[in-house]
Enquirer: 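Take this structure first; my questions come after.
Numbers here simply count residues along the sequence, with the first being 1. Note that the structure is predicted; figures quoted are calculated from it, not measured.
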Amino acid sequence: MKTKPTGTALAAALVTALTLTLGGCSLQTTAPASARGDAGSDAKGSFGPVDCRKAKCIALTFDAGPGEDTPRLLDILKREKVHATFFLLGRNHVRKHPDTVRRLAAEGHEVANHTWTHKILTDRKPSEIRAELEKTQDAIAAITGRKPRLMRPPQGRTDDTVADICKDLGLSQILWSATAKDYSTTDSALIRKRILDQAGRDGIILLHDIYKGTVPAVPGIIEALKKQGYTFVTVPQLMAPAEPVPGTVYRP
């Protein structure tokens, strides 16, 4: 199987943008705002540049990298003083670009897990699910010194078995509220428009830094959303003072 998500696979992923595939189970999702509201007085989640209980926040996330264009994306984010969350693929991405993974962590971005080879976890045996996640956990930790605390299931597909394994591995599951079908176009203006049309407070934006039209669209997305009063935060910062709970599925 290819390690990079194919156009077909990502097309299916877009179908799940607003509807979580639960495989017939009773798994529930939690919105970041709800997590904040339910946080106790002793909650220890770390705030970002603002308190998202009061400010208009949004999280920028990137899947399926790192890739050749990720360093250029990091230059943009550094210039704009924006921290993002990166859900990384293991075998042909983390292992191929260790310097980029190291830079992601060093520059304050949230480094997260997107499995080893982008297999659909709900189609796999428990041992295979665990291997897909553990291999990426270990590969990232070997580079950054820290195992991720977040994961994004390929195509957004999860179920009780995936949740139980994520809980055991200390991983929260993160879905999204806005995406751009950037697998299907190199038109950066169109990518920008699609994201701006879907952006909302406490939203989680899904993009892919492996496609040619995406990175050039990022400056315009950031500029427009800043003008609308948004502050960009990482996914854990979006939940603060709550902390991500392992096994829980979060979706705006």
Side-chain angles (χ1 to χ4, degrees), residues 3 5 13 16 20-23 25-32 34-36 38-39 43-46 59-66 83-91 93-95 101 104-105 108-177 204 206 233-252:
T3 59
T16 67
L20 175 62
T21 302
L22 296 174
C25 74
S26 59
L27 202 60
Q28 301 295 312
T29 65
T30 299
S34 296
R36 292 197 308 260
D38 293 340
K44 298 179 180 179
S46 298
L60 189 59
T61 75
F62 296 91
D63 280 13
H83 288 133
T85 303
F86 287 80
F87 294 90
L88 306 183
L89 280 174
R91 188 170 71 184
H93 297 267
V94 169
R95 290 205 312 188
V101 176
L104 283 168
H109 302 287
E110 186 76 19
V111 181
N113 189 326
H114 196 43
T115 74
W116 190 245
T117 61
H118 206 264
K119 288 184 172 70
I120 306 305
L121 299 180
T122 52
D123 294 340
R124 303 292 162 177
K125 297 177 181 178
S127 60
E128 295 174 303
I129 297 169
R130 184 176 293 272
E132 280 286 311
L133 296 171
E134 278 191 329
K135 286 181 181 179
T136 305
Q137 290 289 90
D138 292 343
I140 291 172
I143 295 168
T144 68
R146 179 180 177 184
K147 289 185 178 182
R149 52 181 168 167
L150 309 179
M151 66 84 74
R152 176 168 282 156
Q155 294 189 15
R157 296 192 182 190
T158 188
D159 58 19
D160 285 325
T161 300
V162 175
D164 287 344
I165 293 170
C166 285
K167 184 177 181 180
D168 190 45
L169 295 176
L171 288 165
S172 303
Q173 303 182 74
I174 309 300
L175 301 184
W176 59 92
S177 58
I204 299 176
L206 165 60
V233 294
T234 67
V235 170
Q237 291 168 351
L238 190 64
M239 300 181 192
E243 294 182 279
V245 176
T248 300
V249 181
Y250 292 94
R251 180 184 62 177

Enquirer: I'd like to know if the side chain of Thr122 reaches the main chain of Asp159, judged simply by a donor and an acceptor atom lying under 3.5 Å from each other, with no hydrogens or angles considered.
Expert: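 Judged by distance alone, no pair lies under 3.5 Å.
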
Enquirer: Answer whether the closest heavy-atom distance between the side chains of Ile120 and Pro154 falls below 4.5 Å.
Expert: yes

Enquirer: Work out which heavy atom in Ala242 is nearest to a heavy atom in Ala35; give both atom names and the distance.
Expert: CB-O, 3.3 Å

Enquirer: Exactly one of Gln173, Glu132, Arg152, Gln137 should register a side-chain hydrogen bond (donor to acceptor under 3.5 Å, both in side chains) with Asn113. Which one does?
Expert: Gln137

Enquirer: Please check this pair: side chain of His109 against backbone of Ala84, looking for a donor-acceptor N/O pair closer than 3.5 Å.
Expert: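 Yes, because the side chain of His109 sits within donor-acceptor range (under 3.5 Å) of the backbone of Ala84.
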
Enquirer: Identify the heavy atoms of Gly156 and Leu175 that sit nearest to each other, and give their distance.
Expert: CA-CD2, 3.8 Å

Enquirer: Using only atom types and a distance under 3.5 Å, with no angle test, would you say the side chain of Glu134 pairs donor to acceptor with the backbone of Ala131?
Expert: no

Enquirer: Judged by atom type as modelled, is there a donor-acceptor pair below 3.5 Å linking the side chain of Thr136 to the main-chain atoms of Trp116?
Expert: yes

Enquirer: State, to 0.1 Å, how close Cys166 and Pro246 come at their nearest heavy-atom pair, and which atoms those are.
Expert: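 Smallest interatomic distance, heavy atoms only, reads O-CB, 4.2 Å.
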
Enquirer: Report the distance from atom NZ of Lys147 to atom CG of Asp138, rounding to the nearest 0.5 Å.
Expert: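 Between Lys147 NZ and Asp138 CG, I get 4.5 Å after rounding to 0.5 Å.
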
Enquirer: Keeping the roles fixed (side chain from Arg36, backbone from Leu238), state whether a donor-acceptor pair exists under 3.5 Å.
Expert: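 Answer holds: yes.
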
Enquirer: Output yes when Arg149 and Glu110 qualify as a salt bridge under the 4.0 Å nitrogen-oxygen rule, no when they do not.
Expert: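 Counted as a salt bridge, because a side-chain N and a carboxylate O are separated by less than 4.0 Å.
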
Enquirer: Which distance, rounded to the nearest 0.5 Å, do you find between the CZ of Phe62 and the CG of Leu104?
Expert: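 The CG atom of Leu104 is 10.5 Å from CZ of Phe62, to the nearest 0.5 Å.
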
Enquirer: Under 3.5 Å, is there a donor-acceptor pair between the Lys119 and Thr117 side chains?
Expert: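 The answer is yes; a qualifying pair exists.
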
Enquirer: Where do Thr234 and Gln237 come nearest, in terms of heavy atoms and distance?
Expert: N-OE1, 3.0 Å

Enquirer: To the nearest 0.5 Å, tell me how far Glu243 CD sits from Ser46 OG.
Expert: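 Reported value, rounded in 0.5 Å steps: 7.0 Å.
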
Enquirer: If we only count heavy atoms from C-beta on, is the Gln28 to Thr248 side-chain gap below 4.5 Å?
Expert: no

Enquirer: Looking at Val111 and Pro148, what are the two nearest heavy atoms and their distance?
Expert: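 Looking at all heavy atoms of both residues, the closest pair is O-CB, 3.4 Å.
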
Enquirer: Under 3.5 Å, is there a donor-acceptor pair between the side chain of Ser34 and the main chain of Thr30?
Expert: no

Enquirer: Look at the side chain of His93 and the backbone N and O of Pro66, then say whether any donor-acceptor pair between them is shorter than 3.5 Å.
Expert: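 Answer holds: yes.
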
Enquirer: Less than 4.5 Å apart, side chain to side chain, heavy atoms only: is that true for Thr85 and Leu150?
Expert: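 Of all side-chain heavy-atom pairs linking Leu150 with Thr85, at least one is under 4.5 Å.
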
Enquirer: Checking Tyr250 side chain against Val235 main chain: does a donor-acceptor pair fall under 3.5 Å?
Expert: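 No; zero donor-acceptor contacts below 3.5 Å.
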
Enquirer: Closest heavy-atom contact between Pro126 and Ile165?
Expert: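 Scanning both residues, the minimum pair turns out to be O-CD1, 3.5 Å.
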
Enquirer: Heavy atoms, side chains only, cut-off 4.5 Å: are Ile174 and Phe87 in contact?
Expert: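 Counting from C-beta outward, Ile174 and Phe87 do come under 4.5 Å.
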
Enquirer: How many angstroms lie between NE2 in His83 and CG in Leu60, if you round to the nearest 0.5 Å?
Expert: 12.0 Å

Enquirer: If you measure from CG on Leu133 to CD1 on Ile129, what distance do you get to the nearest 0.5 Å?
Expert: 8.0 Å

Enquirer: Taking the side chain as every heavy atom from C-beta outward, state whether Arg130 and Leu169 have any pair of such atoms under 4.5 Å apart.
Expert: yes

Enquirer: Could you give the distance from CZ (Arg95) to NZ (Lys135), rounded to the nearest 0.5 Å?
Expert: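 Nearest 0.5 Å value for the CZ-NZ distance: 8.5 Å.
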
